[in-house]
Amino acid sequence: MKRKVSDLLDDLEVTDVEIEYSAPLSYRRIEELTMSKITKKETKHRRIGFRVLAAAAVIAALALTSVAAYNYGGWFQNYFAAQNNDHLSEDQLAVLEESILEIGQSVTDCGYTVTLESVVSDGMDTYLKLTATALDGRVLDGKYYYFRGIDVDIPQKPVEDHLVGVTSAGWDYADDEDTTDNVAPMLLEISGNNVANCEPGAVWTLTLGKLMESNGTDRESDKILAEGEWVFAFTLPEENAGLQELTLLTEPVTIQAQTYLENSSVPDKTVEVSMTSLVLRTLSATCTYVYGEGLKVDPVTVVLKDGTAMAARFSTASMDLDTLTVRHTFSFDTPVPLDQVDYVEFPGGVKICANE
Amino acid sequence: MTDEWILRKLKKGDPAGLQALMERYIPYVSAVVWNILRSAMPAEDAEEVVSDVFLAAWEQAEDLRPGSVKAWLGAVARNKAKNRLRRMGRELPLEEDVLELPGADSPEEDAQRAEEAAQVRRAVESLPQPDREVFLRHYYYAQTVREIASYMDLNESTVKTKLRRGRGRLKELLTRWGV
């Protein structure tokens, strides 16, 4: 009988032939495609993605140095102000000042000292300010620096087994005030898993793998500066102002939303949706509504008592197959002073007042 | 970060493991998939196939073993790409890809398939170097004769000779072993 040589090799696992890598494919797109597929499947399969590490044991094995606390608040003030035409209100500055957790932990590995300077979190969305210092004095000259291989373990509040969430993390541009020294600032933004806040008082761990230098063009040409392990642990105290929440719904309300056809970014039609919960935090908001085919609720706008409107952007979504409800989390670019919220407005005009 | 670390994360269902797996192996998996599909589809479609390979690793993490992660990914990538090509009614443009072997059709039962796979593996391993590398580059990784000649600094006629010799050896051994 006739058999194809190439088919005969189907079950072979080749280990000793190194081939050349020259495929003109976008690695970034492949990563995005894959992560989006697992997020969808996570929801479908109801897997539980929460992890709790025995952080103390991990940390004990590493050369971890705590340093005196510095005032990192100014850096975060500048960062958030830059998201809003260089302006933060007095109320926002007050929230930020009470929320910033100064960490000041340094870990040295592979010729670089990485310092976790400070953290701002609302329990769902979190910003971590870090610096990398080249011990050989090499100038880190204002290119874009970040880590590949991030592992964040965030102990979550207990949730029902059928709820599923995936935590994601990404690096934002961090302004380098001195591009002639051997220090590079970095900002890591973690989007919460959409299902539960972190457990106040529990230990978070952050593990960083490869320190990368990018010229900002394409990821494939980014250079590995060092491949090591930098591990940090810290606790968000229960009294941290960033962890406050404002629950806005006591009974379901009907809002308007859009439906989308598969693979289309253009709205198909407007429908009415029953929203069953809405929780505001200092950096994010989460709403829950009844599932509908192709349904997507657009981001909310928070309006403060002085009339300031703060628009949110979409962050994450997940579906609860047991109750056929969808949870959407939105993120704000600047801190929300919860005690100043007048109402939340949904596209279509439905307003939910803070004092109801 | 080691393969062991990646596998621990994957088996716990931790997306960080998948992210790390992709960072390490995307270039390799992309090369395997693209070699097979480059004449049949645009890069964007091939990216979907590469993504499916990593999705398979996520879903079948229990099948992955330290030390053979890359080989596993390569085999899955190759089979997914070949299946896609087959569904499009296309074939790999390979040199004399057909062998005339005595015996019945391809095995359908798992045990027979495993037996045949083991014998094919033994036959391929019996090829001397560099013939084995030339053979695998062409029939496993779908590199063209010209590419192999360039990568291995050989004449194209030499590559063809080695492929012919490899096919002959494979046929001889499989016939002897009764595949």
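Reminder, nothing fancy here: chain letters follow the sequence lines and each chain counts from 1. Here the structure is a predicted model, which is why all the values come from computation and not from measurement.
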request  = Start with the C-alpha distance between A:Tyr146 and A:Tyr144, add both sets of side-chain angles, then the distance that settles ring pair (Phe, Tyr, Trp, His ring centres under 6.0 Å), and finish with yes or no.
outcome  = CA-CA 7 Å; A:Tyr146 66 99; A:Tyr144 174 55; 5.4 Å; yes
ask   = Are A:Asp7 and B:Arg86 ion-paired here, with the side-chain N under 4.0 Å from a carboxylate O?
value = yes
Closest approach of A:Ser121 to A:Thr126 (non-hydrogen atoms, all atoms of both residues) = OG-OG1, 2.8 Å
key: Pairwise distance CG(B:Leu21) to CD1(B:Ile6) - rounded to 0.5 angstrom   = 5.5 Å
note = Most contact-rich option vs chain A, by heavy-atom pairs under 4.5 angstrom, among B:Val50, B:Val33, B:Leu99, B:Val98, is B:Leu99
inquiry  = Going by the rule salt bridge (Lys or Arg N to Asp or Glu O under 4.0 Å), which residues pair with B:Arg169 if we only count those two or more places apart in sequence or in a different chain?
reply    = B:Glu172
key: chain A interface, residue from B:Asp97, B:Leu73, B:Leu94 that has the most non-hydrogen pairs under 4.5 Å   = B:Asp97
query = Can you say whether B:Lys82 sits under 4.5 Å from chain A via the side chain, the backbone, both, or neither, judging by heavy atoms?
reply = side chain
remark   = Turns out that what part of B:Gln143 lies under 4.5 Å from chain A's heavy atoms comes down to side chain
query = Looking at B:Tyr141, B:Trp72, B:Phe135, which one has more heavy-atom pairs under 4.5 Å with chain A than the rest?
reply = B:Tyr141
ask   = With only heavy atoms counted, which part of B:Asn79 is less than 4.5 Å from chain A, the side chain, the backbone, both or neither?
value = side chain
task = Please flag which part of B:Val124 lies under 4.5 Å from any non-hydrogen atom of chain A: side chain, backbone, both or neither.
result = side chain
ask   = Contact part of B:Tyr140 toward chain A, heavy-atom cut-off under 4.5 Å: side chain, backbone, both or neither?
value = both
ask   = So is B:Lys70 actually on top of B:Tyr25's ring, under 6.0 Å and inside 45° of the axis?
value = no
inquiry  = With a 4.5 angstrom heavy-atom cut-off, is it the side chain or the backbone of A:Glu18 that approaches chain B, or both, or neither?
reply    = both
message = Looking only at side-chain N and O atoms, does A:Asp151 offer a donor or acceptor that is under 3.5 Å from a partner on A:Thr207?
response = no
task = Could you tell me which portion of B:Arg78 (side chain, backbone, both or neither) has an atom closer than 4.5 angstrom to a non-hydrogen atom of chain A?
result = side chain
Members of residues 36-45 of chain B whose heavy atoms come closer than 4.5 Å to chain A = B:Ala43, B:Glu44
inquiry  = Test of understanding: with side chain to side chain contact (heavy atoms under 4.5 Å, CB included), list the residues that count as partners of B:Ser150, not counting sequence neighbours.
reply    = none
task = Please find out if less than 6.0 Å separates the ring center of A:Trp230 from that of A:Tyr112.
result = no
inquiry  = Taking B:Arg121 first and then A:Asp11, would you say they form a salt bridge - that is, a charged N and a carboxylate O separated by under 4.0 Å?
reply    = no
query = With sequence neighbours excluded, what pairs up with A:Phe330 under the ring pair (Phe, Tyr, Trp, His ring centres under 6.0 Å) test?
reply = A:His328
